[in-house]
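Any value given below was found using the heavy atoms of this structure, including those in side chains, with hydrogens, waters and symmetry copies removed. Reminder, nothing fancy here: chain letters follow the sequence lines and each chain counts from 1.
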Amino acid sequence: MQDTKNAMLNLMAQFGNKMKDDDKENLQQDDREYSIDELARVTGITSRNIRAYQEKGVLPPPQLRGRKGIYSNAHYSRLRLISDLLERGYTLSTISDLLNALEEGMDLRAFVGVESALTSPWTDETPVLMSIKELFEMFDNKIEEESIGKALELDLVRLEDDLEHVQVQSMRTMKAGAELVATGIPFNDLLDIIRMLRGNVERVAGELVKLVSTHVLSDYEGDSLPPSEDLPKIADLIWRLRPLAEMAVHAELARAMEKAANHFLGDRLEAIIQHMEEDKSS
DNA sequence: CTTCTAACA
DNA sequence: TGTTAGGA
């Protein structure tokens, strides 16, 4: 537990330093003004595209001086973010969604939504459509009535309009569940476990987001509120952080499982030994 | 000479 | 996205 936590903090610090370097560059040109041509030159983006981004709404319009557009380093850093995301395969409309979600406040749900909407290299899991009858058969008809509502609440399955079919959000999870049910574990109990798990994972995710935010913000002296122009940076950090979080959760879960298993087996052994001794004395 | 818009490829 | 035309 402690190791992983420290590893996370280290990585977090690395990201923090990287941000500092970026900011140093920016500080040199803190309140610098750019013409569209200068901006195009330093970002490597053609002026044509800079204007195109404005029309698409991903880049704020410049301050107008006469008929001239005056760009700031806020534009500069946003352009860098845009081209960065573009290179990673995001479409302009995805970027637009992400940016808009950010302006409305840093809500984790917004990230998840945008994330799974278009860039789904994350979850190779495509929802599978199956009839309710098939679902029941999959679990050998061992699904309790009350469990259905619970599964819907947990968004494990979504009911189709025809009321005959469901979308299984994660076939993998469902199959794993079916195997456990086949060994005699009540489906309803599994749902309870998933519910508990989800609550904790969301708590951890929230903490991670908070951690990143405070690290980034601490570079900006005042521990007040997020500078809105830096929200894209924060978002990008969180975005990069996700695989790390997944690995950490993975590792922690493995450890916890092993520990629990050992405890369980240990108890069993104790009991068995006691029985043997009782048998001996009797 | 730079910047902007619109339109077409 | 690149290019061009025409105007401020």
Side-chain angles (χ1 to χ4, degrees), chain A residues 14-15 17-127 209 212-213 216 219-220 225-244 246:
Chain A
Q14 281 179 30
F15 281 126
N17 289 335
K18 198 177 171 200
M19 297 294 296
K20 248 180 219 163
D21 290 338
D22 287 348
D23 289 341
K24 275 175 197 163
E25 288 177 34
N26 287 347
L27 280 182
Q28 294 173 350
Q29 1 177 293
D30 208 1
D31 49 345
R32 174 165 175 191
E33 294 180 346
Y34 302 83
S35 72
I36 189 167
D37 259 23
E38 288 169 334
L39 191 61
R41 206 175 330 108
V42 294
T43 58
I45 299 172
T46 63
S47 57
R48 170 66 178 83
N49 280 336
I50 293 180
R51 293 193 176 109
Y53 296 160
Q54 285 171 46
E55 287 167 18
K56 295 281 182 184
V58 289
L59 184 70
Q63 186 198 5
L64 284 181
R65 198 148 76 202
R67 72 188 197 94
K68 254 187 153 159
I70 305 299
Y71 297 82
S72 68
N73 27 289
H75 294 96
Y76 172 80
S77 51
R78 171 154 295 193
L79 273 177
R80 287 214 337 187
L81 174 68
I82 292 174
S83 63
D84 206 57
L85 293 176
L86 241 25
E87 279 170 16
R88 285 194 228 162
Y90 281 83
T91 71
L92 264 187
S93 72
T94 311
I95 297 174
S96 169
D97 285 349
L98 176 62
L99 257 27
N100 287 336
L102 281 178
E103 312 283 312
E104 291 169 17
M106 295 226 316
D107 188 341
L108 201 58
R109 288 175 200 177
F111 287 107
V112 174
V114 172
E115 199 174 88
S116 55
L118 282 170
T119 52
S120 38
W122 302 105
T123 162
D124 45 340
E125 300 238 58
T126 313
V209 170
V212 175
S213 316
V216 174
D219 289 346
Y220 276 88
L225 290 178
S228 71
E229 55 164 55
D230 282 338
L231 283 181
K233 282 185 185 175
I234 299 175
D236 192 46
L237 262 186
I238 292 172
W239 196 82
R240 290 179 200 268
L241 197 65
R242 220 191 98 134
L244 291 178
E246 279 179 2

- request: Summarise how protein sits on nucleotides 2-9 of chain B as a single string, 5' to 3': B when a protein heavy atom is under 4.0 Å from the base, S for sugar-phosphate-only contact, - for no contact.
  value: BBBB-B--
Pairing residues for A:Ser35 by the side-chain contact (heavy atoms from CB on, under 4.5 Å) criterion, not counting sequence neighbours: A:Asp37, A:Glu38
query: Could you walk me through whether A:Lys68 and A:Glu33 pass the salt bridge (charged side-chain N to carboxylate O under 4.0 Å, His left out) check?
result: CA-CA 12 Å; A:Lys68 254 187 153 159; A:Glu33 294 180 346; over 6 Å; no
message: Just to be sure I follow the notation: if a pair is Watson-Crick (purine N1 to pyrimidine N3 plus N6-O4 or O6-N4) or a G-U wobble (N1-O2 and O6-N3), each under 3.5 Å, what dot-bracket string does DNA chain C give, with | for pairs to another strand?
response: ||||||.|
- request: Describe the nucleic acid contact of A:Ser47 in one word from base, sugar-phosphate, nothing, applying a heavy-atom distance below 4.0 Å.
  value: nothing
field: Heavy-atom donor-acceptor pair, A:Thr43 side chain to A:Leu39 backbone, under 3.5 Å
entry: yes
- prompt: Under 4.0 Å: is that the gap between some side-chain N or O of A:Thr46 and OP1 or OP2 of C:dG2?
  reply: yes
Can I get a per-line list of side-chain donor-acceptor pairs under 3.5 Å for residues 47-61 of chain A, giving both atom names and the distance, sequence neighbours left out?
unit_1	atom_1	unit_2	atom_2	d
A:Asn49	ND2	A:Thr46	OG1	3.3
A:Gln54	NE2	A:Tyr71	OH	2.8

message: Minimum heavy-atom separation for A:Ile45 and A:Ser83, please, with both atom names.
response: CD1-CB, 4.1 Å
message: Expressed as a whole number of angstroms, how long is the span from A:Ile82:CD1 to C:dT1:P?
response: 11 Å
message: Suppose we screen for side chain to side chain donor-acceptor pair (under 3.5 Å). Which residues come up paired with A:Ser72, at least two apart in sequence or across chains?
response: A:His75
